[in-house]
Amino acid sequence: MSNDTIDTDNGPVRDFVRDQIHEDLANGAVDSVVTRFPPEPNGYLHIGHAKSICLNFGIASEFGGHCNLRFDDTNPAKEDQEFIDAIQADVKWLDVGWDGEVRYASENFEQLYDWAEHLIGKGKAYVDDLSAGEMRDYRGTLTEPGKNSPYRDRKVDENLDLFRRMRAGEFEDGERVLRAKIDMAAGNINLRDPVLYRIVSAPHPRTGDAWCIYPTYDFAHGQTDAIEGITHSLCTLEFEDHRPLYDWLIENLPVPAQPRQYEFSRLNMTHTILSKRLLTQLVEEGHVSGWDDPRMPTVSGLRRRGVPASAVRDFIGRLAISKSEGTVEAAMMEHCIRDPLNDRALRRMAVLRPLKMVIENYPDGQVEELEVTNNPRDETAGTRMVPFCREIWVERDDFMEDAPKKFFRLSPGREVRLRSAYFVTCTDVIKNGAGEVTELRCTYDPETRGGASPDGRKVKGTLHWVSAAHAIDAEVRLYSPLFQDENPDAAEDFLSTFNPDSLEVLTDCKLEPMLADVTDGQVVQFERLGYFCTDPDGTADMPVFNRTVGLRDSFAKAMARG
RNA sequence: UGGGGCGUAGCCAAGUGGUAAGGCAACGGGUUUUGAUCCCGUGAUUCGCAGGUUCGAUCCCUGCCGCCCCAGCCA
């Protein structure tokens, strides 16, 4: 399974699902564990799906069992091959032990059809001619029982004939459905004669035009679980009400196994949405560049942003599985992203908002190669040589003309350290006609080469820099939360809280030469700024970097606090 | 006024009769050539509320309150 297992000082992961499995194994209810991850291919996977994936594949691995990736492809009107492909790529990337085998609910259409006839034969299912609207009226309400359909007592032979003609394509979409005959007065509305089959004349990505009737989720899911030998069918809380129907079908059909369904709460996160419908809307209306826009909470978006798969797994592992609904703070995931990157990412220097610095007492035309540590957390990462000369770029934010005492950076008369280079003191500030600072004039102390002071004097600030003569031009994209509200779902219109500054494009960035060697998929730390990776939009002439996540910034936090 | 769930610190949560784990966040302090990292320290007289049982209840009982889901021929 995954390279980093989720294991804390408290021992192995424990939750009510795993407790149930231990119990089932102990009392012989099951002798092996088989789970499944059953996405409907009607959208891309998001971090909420990752929770289910980590749970299902994680359990399979922990208990020496197996987990199937199964597409719940029972509604061709909404499903598409694009999603089938994308979902597989995402599951593979998550690296949770998927063996590459793919299952489809549609593989079982013939068996499911036979079972439908079986139910009809037992007098437990009937063909209903009621229209969708009429059926709604007959269903009753949350507080009032429903009424039996006038077609409820059709004879077995008539039902069989009608059902076969449904399959043969003799009727229009919506004209007839097959319903289970359970109880129109049930408090649980799912038991009020639920629809088992409906007519859908749309080509299916897998079965083409072989069928014009399709089983509903309820009729397909549990039976497919049984066919695949699933022992523990894990789903989210909204299916709790469906469990009695799940069990009813398993009991009334000659299925080869008796799978059991367990429900856990779905993941919610602050400042984003995890609803497939709303995410689809963001994509289709062009509020984001696509499903893999780095701001999206999709697996492909996280991947493009540079988030390591191990960080996603670690994040999910810290969540714990429960039945209580809650919203996890985005900060929790940010921590999980920084954690592995802090250990592994190579340090580099990049200036995002450049300000020219001229070191007046540094020899014109001289270039020095200075040795810089690649990762202070990892000695084996070694060092690199970085060119330094008279004119360099520094960060605009690192200069302030009238700086408060607590500002440990550049300001007229103040001395700071240029990382692994020299101490410099700001001597003059050059401005343009508009009064904007365009250049800093400084002097350096040759004795401080490498950044250490032989006389022991201290400086509070250490700045990153890039040699102007050697800099690589680049575009850098900064991302912040997609939504300003903590819970956009609660807003009357979720788009009203869409963050207009969620994407900030910086086109005049200056990178140290080594940054030309960053490979796709590699994440590096831009010192003092955050973690960054290359974006496929980049070209040889103009590389593009995405900010995966910023570094913690207690100074900015203190400033904001006042 | 039907059915199904859930309520433990700002957030995620463990604990299920013996006197409240852990993580994230926050806030102090130390180290530091990243205001990063790292290290140390600080939180619930209390477990939605009110009664009851008990020597003892977050855990058992009763009643209330709050929140979520269900009336697709979606999943």
Side-chain angles (χ1 to χ4, degrees), chain A residues 8-10 14-15 38-40 42 72 74-75 77-78 128 130-132 135-137 139-146 173-179 185-192 194-200 213-214 216-218 220-221 235-244 263 265 267 270 276-277 315 318-320 322-336 338 342-343 347 349 372-373 376-377 406-409 417-421 423 448 450-453 459-464 486 525-530 550-559:
Chain A
T8 66
D9 292 341
N10 298 318
R14 297 303 305 257
D15 53 60
E40 181 189 15
N42 66 344
D72 226 331
T74 58
N75 185 6
K78 293 188 172 182
D128 197 344
L130 251 28
S131 69
M135 205 181 288
R136 191 187 321 122
D137 293 337
R139 187 152 34 227
T141 69
L142 295 179
T143 53
E144 301 157 21
D173 286 22
E175 213 176 316
R176 286 186 164 81
V177 295
L178 181 73
R179 291 229 255 173
N188 182 342
I189 292 178
N190 291 117
L191 263 19
R192 319 242 262 230
V195 171
L196 268 21
Y197 264 90
R198 74 290 211 196
I199 301 169
V200 181
I213 58 172
Y214 292 91
T216 54
Y217 163 85
D218 287 310
H221 205 97
C235 61
T236 42
L237 253 28
E238 66 270 28
F239 292 101
E240 228 157 6
D241 288 344
H242 292 246
R243 188 169 2 111
E263 312 84 12
S265 61
L267 172 64
T270 57
K276 231 195 266 186
R277 197 190 103 244
F315 170 63
R318 296 188 195 212
L319 257 27
S322 75
K323 286 176 88 84
S324 60
E325 301 183 76
T327 304
V328 176
E329 291 174 338
M332 174 88 113
M333 187 159 84
E334 289 204 345
H335 169 84
C336 294
R338 292 188 189 104
N342 178 44
D343 285 336
R347 272 57 170 175
M349 291 194 285
V372 184
T373 302
R377 299 269 302 165
K406 291 285 194 181
F407 187 76
F408 307 141
R409 308 178 189 180
R417 169 168 39 234
L418 293 177
R419 182 76 204 255
S420 301
F423 282 15
T448 57
S453 56
V459 289
K460 295 287 280 187
T462 299
L463 275 40
H464 58 281
E486 272 209 349
Q525 184 192 102
F526 287 1
E527 288 217 42
R528 303 208 301 134
L529 297 174
L551 256 29
R552 288 188 62 183
D553 190 348
S554 61
F555 175 66
K557 212 173 289 173
M559 291 296 273

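Everything numeric here is computed off the predicted structure, so don't read it as measured data.
Whole-Å rounding puts the A/L463 CG to B/U34 C1' distance at 10 Å. Taking atom CG of A/D218 as the reference point, atom P of B/C73 lies 10 Å away to the nearest angstrom. A/M349 has its CE atom 15 Å from the C1' atom of B/A36, to the nearest Å. Per the geometry, CG belonging to A/N75 stands 10 Å off C1' belonging to B/G72, to the nearest Å. Taking atom CD on A/E334 and atom P on B/G23, their separation rounds to 19 Å, with Å as the unit. Distance A/Q525 CD to B/U34 C1': 6 Å, rounded to the nearest Å. Across the protein-nucleic acid pair, A/E527 atom CD and B/U32 atom P stand 17 Å apart, rounded to whole Å. Counting to the nearest Å, the C1' atom of B/C38 and the CG atom of A/D343 are 11 Å from each other.
Under the 6.0 Å cut-off for aromatic ring centres, A/Y217 and A/F239 qualify, their centroids lying closer than that.
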**Item:** 5'-to-3' dot-bracket of RNA chain B (Watson-Crick, G-U; under 3.5 angstrom; crossing pairs as [ ]; | other strand)
**Value:** .(((((((.[[[..)..(...]]].(((((.......))))).....[[[[[..)....]]]]])))))).....

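Within 4.0 Å (heavy atoms only), A/R409 reaches at least one base atom of the nucleic acid. Residue A/H242 is in base contact, counting any heavy-atom pair closer than 4.0 Å across all strands shown. No engagement by A/T270 is indicated, since no non-hydrogen atom pair under 4.0 Å with the nucleic acid exists. Among the atoms of the strands shown, none is found under 4.0 Å from any heavy atom of A/P145. Across all strands shown, A/F407 has heavy atoms under 4.0 Å from base atoms, whether or not it also approaches the sugar-phosphate. Within 4.0 Å of A/K276, counting heavy atoms only, lies no atom of the nucleic acid at all. At the heavy-atom level, A/Y214 lies nowhere under 4.0 Å from the strands shown. Nucleic acid contact class of A/R419 (heavy atoms, under 4.0 Å, all strands): base. If you check every strand for non-hydrogen atoms under 4.0 Å, A/A331 touches sugar and phosphate atoms only. Within the 4.0 angstrom heavy-atom criterion, no nucleotide atom of any strand lies near A/L178.
Taking atom P in both B/C49 and B/U37, one finds a spacing of 37 Å when rounded to whole Å. For B/G10 and B/G43, the C1' atoms lie 12 Å apart once the distance is rounded to whole Å.
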Tabulated below should be each protein N or O lying under 3.5 Å from an N or O of nucleotides 29-31 of chain B; please produce it.
none

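Considering all non-hydrogen atoms of both residues, A/V195 and A/V177 come closest at CG1-CB, 4.0 Å.
A donor N or O paired with an acceptor N or O is not found under 3.5 Å between the base of B/G35 and the side-chain atoms of A/R528. Residue-to-nucleotide contacts include a donor-acceptor pair under 3.5 Å from the side chain of A/R347 to the base of B/U34.
Taking 4.0 angstrom as the limit, A/K557 places a side-chain polar atom (N or O) nearer than this to OP1 or OP2 of B/A26.
Side-chain contact between A/L267 and A/F315: present, with at least one pair of heavy atoms (C-beta onward) separated by less than 4.5 Å.
Classification of A/E334 and A/R552 as a salt-bridged pair fails, no side-chain N sitting under 4.0 Å from a carboxylate O.
Both A/A421 and A/N42 lie near RNA chain B, and the one whose nearest nucleotide falls closer to the 5' end is A/A421. Projected onto RNA chain B by closest heavy-atom contact, A/E175 and A/R417 fall at different nucleotides, the more 5' of which corresponds to A/R417.
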**Asked** How would nucleotides 1-17 of chain B be written as a contact map, 5' to 3', with B for base contact, S for sugar-phosphate-only contact and - for no contact, using protein heavy atoms under 4.0 Å?
**Response** -BBSSSS--BSSS----

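Counted by atom type alone, A/R419 and A/T462 present zero donor-acceptor pairs between their side chains at under 3.5 Å.
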